[in-house]
Amino acid sequence: MAAVKRKDWSRYGKWFRRILIDAGILDYRYPIKGCGVWLPYGFKIRRNVFQILRNLLDSTGHDETLFPLMIPETALAKESSHVGSFEEECYWVTHGGTDLLKIKYALRPTSETAIAPMLKLWVRSHADLPLKLYQIVNIFRYETKATRPILRMREVSTFKEAHTSHATFEDAEEQVKEAIIVYKDFFDAMDVPYRISKRPEWDKFPGALYSVAFDMICPDGRTLQVGTVHNLGQNFSKAFDITYETEKGEQEHIWQTCYGISGRAVAAVLTVHGDDYGVVLPPKIAPIQAVIIPIPYKNKAEQINKACKDIEIMLKKANVQVKLDLRADMRPGSKFYYWDLRGVPIRIEIGPKDIEQNEATIVRRDTLEKQTCKISGLVKTIQELMRTMMKDLRLRAWKWMDERVHRVDNLEDAKKLIARKEGIVEVLWCGNVKCGQKLEEVIGARVLGVPMDIEEKIDGNCVICGKTAADIIRVAIAY
RNA sequence: GGGGUCGUCGUCUAGCUUGGUCUAGGAUACCAGCCUGGGGCGCUGGCGGUCCUGGGUUCAAAUCCCAGCGACCCCA
């Protein structure tokens with residue numbers, strides 16, 4: 001647990017909405033339901049978060065592209081289970097000027113059907129495969145449920161979607177594995193803990209063979225899906241007739257995967273590390289990694305400010321993202337709160353005492369612990385402290401999550417845990433769809449799916465029907 | 001999908017039940033000045049609201065009624 005208390009933590013929803021505005025991350029008061037404005041500071045966090053993802057994808061052979069926002073109805077409708085799920089959820093462009101369009105256009109709810117017609121043109125032979133594309137774009141969904149800032153928007157302003165094409169089913173399976181590793185690396189980089197589950201048949205992506213999802217747990221015990229990986233099989237390639245010529249000269253339909261991560265990843269990192277003082281940002285994604293606050297006693301102000309400026313230059317040279325807060329109309333105490341709220345990992349205080357000793361006072365945001373160090377060793381100390389902080393944030397966050405994943409062997413305990421908002425519950429399951437759905441009904445929670453991140457021998461009986469269990473299944477109240 | 005609660009300066013809110021004294025009060029933020037300065041000092045002055053929008057009832061509406069828009073909560 002954090003050294004900094006989370007006394008208001010049960011009212012997580014309220015906390016989250018407050019920090020979005022107060023910390024200058026997202027303003028959701030835009031006059032259209034489910035739309036929000038990324039504010040400058042939040043935009044920087046968002047950019048850092050998605051840059052990590054971008055780097056991971058680039059380094060694993062993915063190429064970034066940009067497809068049009070609009071998808072013609074004729075394309076969206078080609079894969080039947082896909083359109084069935086999305087047509088009610090789309091925003092439709094029906095007019096150009098005052099002319100009624102003969103074929104209406106959807107604002108992309110996701111881009112499989114935008115990409116498919118182009119793949120048909122691009123993929124000619126086995127030599128073109130694998131083809132691994134991605135884009136970071138906005139998507140639109142006409143949500144009928146209550147919208148929530150970042151968590152459920154009608155315009156998802158940040159959506160990284162990767163779309164890959166392969167020659168064989170096996171290659172696609174390998175790609176799913178790679179995608180899972182990429183996502184693990186991504187969340188690990190931000191110290192966000194997760195569980196990986198194979199979604200049940202009835203909750204997979206429309207048009208997929210199967211779906212794998214990353215879930216985290218929010219402070220209120222609900223889970224938040226933060227990433228998904230889908231094996232699409234040949235569903236789309238057959239619907240769009242995307243074929244390639246094999247080495248033997250035969251035409252075969254391609255095998256596809258897709259996987260996505262949205263702005264929820266930003267919500268996740270804010271949620272996991274935040275506390276009563278506001279946001280706590282891991283140094284890797286913090287727009288400002290260290291803030292220097294002068295404690296300018298009268299008649300020493302000049303001397304102190306100069307020392308601060310020297311330190312600023314020193315840190316900049318060492319590639320530390322640093323901010324010197326020289327605002328004269330604000331007392332140091334106010335500045336502490338100001339930067340704590342915004343999650344700046346490290347604070348450097350320079351006052352008369354420090355100057356006398358040729359020292360700096362350093363405070364880490366996660367624990368608010370103070371220490372002093374010689375100015376000559378400041379860069380090294382700060383870099384080390386940031387590493388320590390990341391390690392500690394990770395340990396704390398994973399410990400918190402691990403404590404909220406429960407294994408029980410009977411329905412009563414499962415129900416109690418869910419009712420008490422204790423997070424994820426794992427029970428044994430026979431593998432039958434009917435039992436799975438009944439489980440959701442009886443417990444009053446959603447099935448997340450079968451664990452993909454633990455290897456375990458199954459020994460026991462299904463909590464619903466009592467037959468021999470085939471799998472562990474995870475259940476939780478999901479956002 | 002079903003049910004409920006709510007909408008007042010940028011933000012949080014008082015007022016609404018019982019319409020009139022509301023020319024809508026406070027706090028915070030913001031601006032100017034003084035004073036300070038190691039966890040939100042203090043003081044003075046200032047800025048800021050067609051009481052979500054539209055309609056209705058009434059001599060009179062922030063307050064009552066209807067619709068729309070928006071927000072939140074609960075259940076499925």
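In the text below, chain A, chain B and the rest are named by the order of the sequence lines, each starting its count at 1.
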- Task: Identify whether NZ of Lys or CZ of Arg in A:R347 sits under 6.0 Å from the centre of the six-membered ring of A:F336 and within 45° of that ring's axis.
- Result: yes
Could you tell me whether the side-chain ring of A:Y337 sits stacked on the base of B:G40, using a centroid cut-off under 5.5 Å and a plane angle under 30°?
yes
So, does [X] get its side chain near the phosphate of [N], meaning an N or O under 4.0 Å from OP1 or OP2?
X	N	answer
A:S334	B:G39	no
A:K33	B:C69	no
A:R327	B:C30	no
A:R148	B:C73	yes

Has the side chain of A:R347 got a donor or acceptor that lies under 3.5 Å from a partner of the other kind on the base of B:G39? yes
Are any of the side-chain nitrogens in A:D392 or A:R364 under 4.0 Å away from the carboxylate oxygens of its partner? yes
Note to self: Looking at A:K316 and A:E312, is there a salt bridge between them, counting it only when a charged N and a carboxylate O are closer than 4.0 Å?
What the structure shows: yes
Winner on side-chain proximity to A:I295, out of B:G38, B:C72, B:U36, is B:G38
Contacts of A:H82 meeting ring pair (Phe, Tyr, Trp, His ring centres under 6.0 Å) (sequence neighbours excluded), chain-then-number -> A:F86, A:F205, A:F236
Any stem touching RNA chain B, meaning at least three consecutive Watson-Crick or G-U pairs under 3.5 Å, ordered by first number, would be B:1-7 with B:69-75, B:10-13 with B:25-28, B:30-34 with B:42-46, B:52-56 with B:64-68
In short, A:K438 meets A:I464 closest at the heavy-atom pair CD-CG2, 3.9 Å
To the nearest angstrom, the CD1-P distance between A:I21 and B:U11 comes to 7 Å
| request: Report yes or no: do A:E79 and A:S81 form a side-chain donor-acceptor pair below 3.5 Å? | output: yes
